[in-house]
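All remarks here apply to the structure that follows.
When a residue number appears, it is its place in the shown sequence, counting from 1.
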Amino acid sequence: MSNEEPPSTDLITLTTRHVLHDQLRLGAAATGDLTLLLTAIQVTSKFIATNVRKARLINLVGLAGETNVQGEDQKKLDVLSNDIMVNALRASGKTAVLVSEELEDAIIIEQKQRGRYCVVFDPLDGSSNIDAGVNIGTIFGIYKVAQEGSASVEDVLRPGSEMVAAGYTMYGSSANLVLSTGRGVNGYTLDAALGEFILTHPDIQIPQRGKIYSFNEGNAMYFHPPVNAYLKSIKYPAPPKTPYSSRYIGSMVADVHRTFLYGGIFGYPDDKKSKSGKLRLLYEAFPMAFLTEQAGGVATTGTMRILDILPKSIHERCSVFLGSKEDVNDLVKFYKDPALVESTLRA
């Protein structure tokens with residue numbers, strides 16, 4: 001006889017049980033708008049997940065022949081993912097402003113379809129890895145409009161601490177949607193047979209300390225001294241401490257997802273080559289920082305809390321370090337103490 005446990009029959013899905021539970025908690029203040037908006041996002045995630053799996057078969061790999069506002073070559077799946085996300089969010093009737101990595105300007109939703117939320121998103125993060133079959137994902141953050149009925153870029157040029165929800169969907173061997181509406185972080189896995197995201201990782205908590213660091217050390221010659229000193233301290237620690245393991249996929253969603261589950265630190269710092277960093281503040285750094293803090297971790301530029309930054313433009317970039325509280329705080333010590341940096345690099 002098999003000792004395997006039968007599958008759970010108490011299925012908690014993203015919309016029917018979990019988001020609606022949050023709406024019930026709000027009582028008379030609940031409008032259902034956020035539920036409908038998140039439903040549009042999860043439908044988009046299912047569509048992209050399906051096309052990622054079939055990309056090679058239906059000729060969605062390769063370049064689309066255009067570049068985006070960042071100057072990056074757009075993949076065919078980039079363009080498709082952006083179009084379906086914009087259309088789904090607009091059709092939900094719950095959005096006022098949309099900001100996408102793939103579009104130079106913000107989209108202001110026309111009055112007849114306008115809602116009370118603004119969504120900032122990277123429709124397909126890590127898309128340079130599509131052809132190699134590496135995990136990629138969609139990142140999103142949600143603001144409520146500053147003033148009822150308003151709709152302008154100013155509605156999203158606000159600190160990340162003012163977001164009401166954030167999340168990402170990772171596409172790989174399975175499709176995983178990780179979401180926070182400001183009361184902790186929960187992870188869902190798409191059951192393709194049911195067509196539903198099922199709660200599989202309730203109340204995600206990042207371990208206080210990990211043993212993994214995730215940096216692109218190919219850029220180490222450009223890193224500023226505090227970063228190199230920190231990396232040296234975890235690669236060559238004084239006994240009895242043991243060195244950290246290096247894991248770097250090159251897809252932010254995949255690297256951050258692993259950090260949430262196993263702990264450690266993810267870093268993409270500004271450096272001598274990329275003066276402001278590479279990651280975009282609004283739709284990469286803010287949502288991931290929001291999730292990190294909700295899961296008990298820390299997210300910083302090295303010198304300040306990421307969620308406290310006031311954006312000046314929709315495609316602004318920033319330095320990012322996030323992950324386990326103790327690991328990130330160790331890194332911050334090097335930014336605060338030049339003497340510690342000097343002694344570590346000299347040792």
Side-chain angles (χ1 to χ4, degrees), residues 125-126 128-129 132 134-135 137 168 170 172-173 176 178 185 187 201 204-274 277-279 284-285 288-289 291-293 295-306 318-347:
D125 176 71
S128 61
N129 291 311
V134 174
N135 284 10
Y168 62 81
M170 183 176 69
S173 57
N176 301 94
V178 175
V185 180
H201 295 79
I204 294 173
Q205 289 290 307
I206 303 173
Q208 290 291 292
R209 182 176 290 280
K211 290 295 293 180
I212 298 172
Y213 71 97
S214 185
F215 287 66
N216 181 3
E217 289 191 273
N219 290 328
M221 68 178 287
Y222 304 113
F223 288 167
H224 295 303
V227 179
N228 278 325
Y230 170 72
L231 291 175
K232 184 177 180 182
S233 75
I234 59 175
K235 291 194 293 183
Y236 305 98
K241 291 183 178 179
T242 56
Y244 277 40
S245 297
S246 174
R247 299 285 186 274
Y248 184 72
I249 297 169
S251 170
M252 187 188 190
V253 168
D255 283 315
V256 170
H257 188 71
R258 183 194 55 248
T259 303
F260 282 176
L261 298 184
Y262 302 149
I265 182 170
F266 167 85
Y268 210 121
D270 58 348
D271 56 34
K272 297 165 190 172
K273 185 175 64 171
S274 302
K278 286 289 291 280
L279 297 177
E284 290 177 328
M288 291 307 199
L291 290 166
T292 298
E293 291 196 4
V298 174
T300 177
T301 64
T303 57
M304 73 176 294
R305 179 187 181 220
I306 288 174
C318 77
S319 179
V320 174
F321 303 99
L322 60 81
S324 295
K325 184 175 182 179
E326 293 180 12
D327 289 315
V328 179
N329 286 340
D330 283 349
L331 174 130
V332 171
K333 292 175 186 174
F334 286 92
Y335 275 90
K336 290 181 175 179
D337 190 348
L340 178 60
V341 173
E342 187 178 346
S343 62
T344 302
L345 292 177
R346 193 173 58 240

For the backbone of [Y] and the side chain of [X], can you confirm whether one donor and one acceptor N or O come within less than 3.5 Å of each other?
X: Lys241; Y: Ser233; value: no
X: Tyr244; Y: Gly210; value: yes
X: Lys278; Y: Tyr268; value: no

[atom1] of [X] to [atom2] of [Y]: how many Å apart, nearest 0.5 Å?
X: Lys336; Y: Asn329; atom1: NZ; atom2: CG; result: 8.0 Å
X: Leu322; Y: Leu331; atom1: CG; atom2: CG; result: 11.0 Å
X: Tyr335; Y: Ser319; atom1: OH; atom2: OG; result: 5.0 Å
X: Leu279; Y: Cys318; atom1: CG; atom2: SG; result: 7.0 Å

Measure across [X] and [Y] and return the closest heavy-atom pair with its distance rounded to 0.1 Å.
X: Ser324; Y: Pro207; answer: OG-O, 2.7 Å
X: Val332; Y: Gly302; answer: CG1-O, 4.1 Å
X: Pro237; Y: Ile234; answer: CD-O, 3.8 Å
X: Gly296; Y: Gln208; answer: O-NE2, 4.0 Å
X: Lys232; Y: Thr344; answer: NZ-O, 3.1 Å

Would you find more than 12 non-hydrogen atoms of other residues, nucleotides or ligands less than 6.0 Å from Lys325 atom NZ? no
Non-neighbouring partners of Thr301 that pass side-chain hydrogen bond (donor to acceptor under 3.5 Å, both in side chains), sequence neighbours left out: Thr303
Exercise answer: donor-acceptor pairs, residues 248-258 side-chain atoms, under 3.5 Å, sequence neighbours excluded:
from: Ser251; atom 1: OG; to: Asn135; atom 2: O; distance (Å): 2.8
from: Asp255; atom 1: OD1; to: Ser214; atom 2: OG; distance (Å): 3.2
from: Asp255; atom 1: OD1; to: Ile249; atom 2: N; distance (Å): 2.9
from: Asp255; atom 1: OD1; to: Arg258; atom 2: NH1; distance (Å): 3.2
from: Asp255; atom 1: OD1; to: Arg258; atom 2: NH2; distance (Å): 3.1
from: Asp255; atom 1: OD2; to: Ile249; atom 2: N; distance (Å): 3.2
from: Asp255; atom 1: OD2; to: Gly250; atom 2: N; distance (Å): 3.1
from: His257; atom 1: ND1; to: Tyr168; atom 2: OH; distance (Å): 2.7
from: Arg258; atom 1: NH2; to: Ser214; atom 2: OG; distance (Å): 3.1
from: Arg258; atom 1: NH2; to: Arg247; atom 2: O; distance (Å): 3.1

Any chance you could lay out the side chain to side chain contact (heavy atoms under 4.5 Å, CB included) test for Phe260 and Thr292, step after step, and finish with the verdict? CA-CA 8 Å; Phe260 282 176; Thr292 298; 3.4 Å; yes
Run the side chain to side chain contact (heavy atoms under 4.5 Å, CB included) test on Ile265 and Phe215 for me, step by step, so that the C-alpha distance in whole Å, both residues' side-chain angles and the decisive distance to 0.1 Å come before the verdict. CA-CA 8 Å; Ile265 182 170; Phe215 287 66; 4.0 Å; yes
Given side chains that start at C-beta, do those of [X] and [Y] come closer than 4.5 Å, heavy atoms only?
X: Ile306; Y: Met288; value: no
X: Ile212; Y: Thr259; value: no
X: Thr242; Y: Lys211; value: yes

Sequence neighbours excluded and cut-off under 3.5 Å, please list the side-chain donor-acceptor pairs for residues 218-230, or say none.
from: Asn228; atom 1: ND2; to: Ala220; atom 2: O; distance (Å): 3.3
from: Asn228; atom 1: ND2; to: Phe223; atom 2: O; distance (Å): 3.4

Verify whether one side chain among Lys235 and Ser246 offers a donor that lies under 3.5 Å from an acceptor in the other. no
Show your reasoning for whether side chain to side chain contact (heavy atoms under 4.5 Å, CB included) applies to Arg209 and Asp330. CA-CA 10 Å; Arg209 182 176 290 280; Asp330 283 349; 3.0 Å; yes
